[in-house]
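Here is the structure we will look at.
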Amino acid sequence: FLQKVEQSLKPMCDSWSLGTIVYSLVCRRPPAVTEAQAQSKKWTFTLAIDDVDPEAKSLIEGLLEANPEKRLTASRVLRHEWIRRRWRPPPGATKVFEKIEEFCRSPLAKRLFGRFLARFLDAGHFLQIAESFYALDNQGTGTINLKELQLAARKAGHPQESAEVVFHWLAEAHNVTDISLSRLAETLAEEVIDGRALRHAFESLDDDGSEQVTPQELYDELVALDSKITIEDVVK
């Protein structure tokens, strides 16, 4: 309903949709049951709200804010107290860290190839990677910082320098202070990519239609990602 009203504000419509889900779970009924009610954006809490924490009420109010410019964004929702207090990272941080460290220590050509493959990942692939990503996201912020990497390195029995290697490749080299899911995806792209997506990646490299990818064709693609790579790096 709301997309008809706010067509130019899709992210804010997504926030409203999330708010209706949270409201329905907490209040045991949707905030609006007709299109007219949804378009008016008028709603009230049921008595069920008294059974949950005050922070839940604050979250719902922020998501179901009538003014889209004041409505909570996805990043602010992740940092909301009601979400943060309940966040528990899934298990497996040690194994995940070891995988991404191995990737970040691999030759430049392999790292850039992972970055190239990440372009062809779909929502299903990212869903697989998300489980690994959130194993490292101890604070539940939707990003991974250096301290979280250092914690994972310590649990894995690796030196702190290991965390710095990972952080440099995935964050510092891009002038950012945190690692996003899309950035981490390049470290696990080869592991999760399926035959269909791999075929699309191959076809994008096969410029002459020979059904073979030459070192030069691969180099031409990778050098656009990092000018430091040489044709010799690709041939190795």
Side-chain angles (χ1 to χ4, degrees), residues 75 78-79 84 87-195 197-198 200-202 204-205 213 215 218-219 221-236:
S75 60
L78 280 173
R79 291 169 172 78
R84 294 285 296 276
W87 172 251
R88 298 292 184 275
T94 295
K95 185 177 180 180
V96 173
F97 180 80
E98 290 174 341
K99 283 183 180 180
I100 65 174
E101 181 192 1
E102 181 181 3
F103 174 87
C104 292
R105 290 187 183 277
S106 64
L108 180 60
K110 178 177 175 61
R111 284 177 278 152
L112 293 180
F113 187 64
R115 186 172 298 173
F116 164 73
L117 286 182
R119 297 177 180 175
F120 300 88
L121 301 180
D122 60 23
H125 299 132
F126 274 98
L127 189 60
Q128 295 179 61
I129 294 171
E131 185 172 354
S132 297
F133 177 86
Y134 287 116
L136 298 175
D137 182 16
N138 288 289
Q139 299 179 50
T141 60
T143 60
I144 300 169
N145 58 36
L146 179 58
K147 288 185 178 180
E148 289 170 322
L149 290 175
Q150 290 171 336
L151 176 61
R154 186 161 59 251
K155 289 181 177 179
H158 293 208
Q160 293 298 292
E161 181 260 346
S162 298
E164 293 169 2
V165 168
V166 173
F167 189 73
H168 174 74
W169 176 252
L170 296 177
E172 287 181 338
H174 305 282
N175 297 315
V176 295
T177 57
D178 299 285
I179 300 168
S180 65
L181 173 61
S182 59
R183 183 60 64 193
L184 188 81
E186 66 188 58
T187 69
L188 301 172
E190 285 193 67
E191 180 178 319
V192 304
I193 198 168
D194 57 22
L198 194 59
H200 289 166
F202 175 87
S204 75
L205 292 171
V213 176
L218 181 56
Y219 168 76
E221 188 68 41
L222 299 186
V223 74
L225 300 175
D226 192 326
S227 61
K228 298 185 184 68
I229 195 170
T230 65
I231 188 67
E232 289 75 19
D233 294 327
V234 174
V235 174
K236 288 179 182 178

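Fair warning: this is a prediction, and the values are worked out from it, not measured in the lab.
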Does any non-hydrogen side-chain atom of Thr187 lie less than 4.5 Å from one of Ile129?
no

Side chain to side chain contact (heavy atoms under 4.5 Å, CB included) evaluation trace for Thr94 with Glu98
CA-CA 6 Å; Thr94 295; Glu98 290 174 341; 4.0 Å; yes

At what distance, to the nearest 0.5 angstrom, does CZ of Phe103 lie from CH2 of Trp169?
7.0 Å

Side-chain heavy atoms of Ile144 within contact of Leu170, under 4.5 Å:
no

Answer yes or no: are there more than 12 heavy-atom neighbours, outside Gln160 itself, under 6.0 Å from its atom CD?
yes

So do the side chains of Phe113 and Glu190 get within less than 4.5 Å of each other, counting heavy atoms only?
yes

Sequence neighbours excluded, which residues qualify as side-chain hydrogen bond (donor to acceptor under 3.5 Å, both in side chains) partners of Lys99?
Glu191

Residue list, ring-ring contact (aromatic ring centres under 6.0 Å, His included) with Tyr134, at least two apart or on another chain:
Trp87

Is the shortest side-chain heavy-atom distance between Pro107 and Asp233 below 4.5 Å?
no

Please test Thr177 against Asn145 for side chain to side chain contact (heavy atoms under 4.5 Å, CB included), starting from the C-alpha separation and ending with a verdict.
CA-CA 7 Å; Thr177 57; Asn145 58 36; over 6 Å; no

Would you please name every residue forming a ring-ring contact (aromatic ring centres under 6.0 Å, His included) with Phe120, sequence neighbours left out?
Phe116

Given side chains that start at C-beta, do those of Pro89 and Asp137 come closer than 4.5 Å, heavy atoms only?
no

Compare all side-chain heavy atoms of Arg183 with those of Val176 and state whether any distance is below 4.5 angstrom.
no

In terms of heavy-atom contacts, does CD of Glu172 have more than 12 from other residues, nucleotides or ligands at under 6.0 Å?
yes

List the steps and the verdict of side chain to side chain contact (heavy atoms under 4.5 Å, CB included) for Thr230 and Leu108.
CA-CA 10 Å; Thr230 65; Leu108 180 60; over 6 Å; no

In terms of side-chain geometry, is the basic nitrogen of Arg105 or Glu161 positioned less than 4.0 Å from the acidic oxygen of its partner?
yes

Quick check: do His125 and Asp194 have side-chain heavy atoms less than 4.5 Å from each other?
yes

Please examine the side chains of Leu151 and Glu148, heavy atoms only from C-beta on, and report whether any two atoms are closer than 4.5 Å.
no

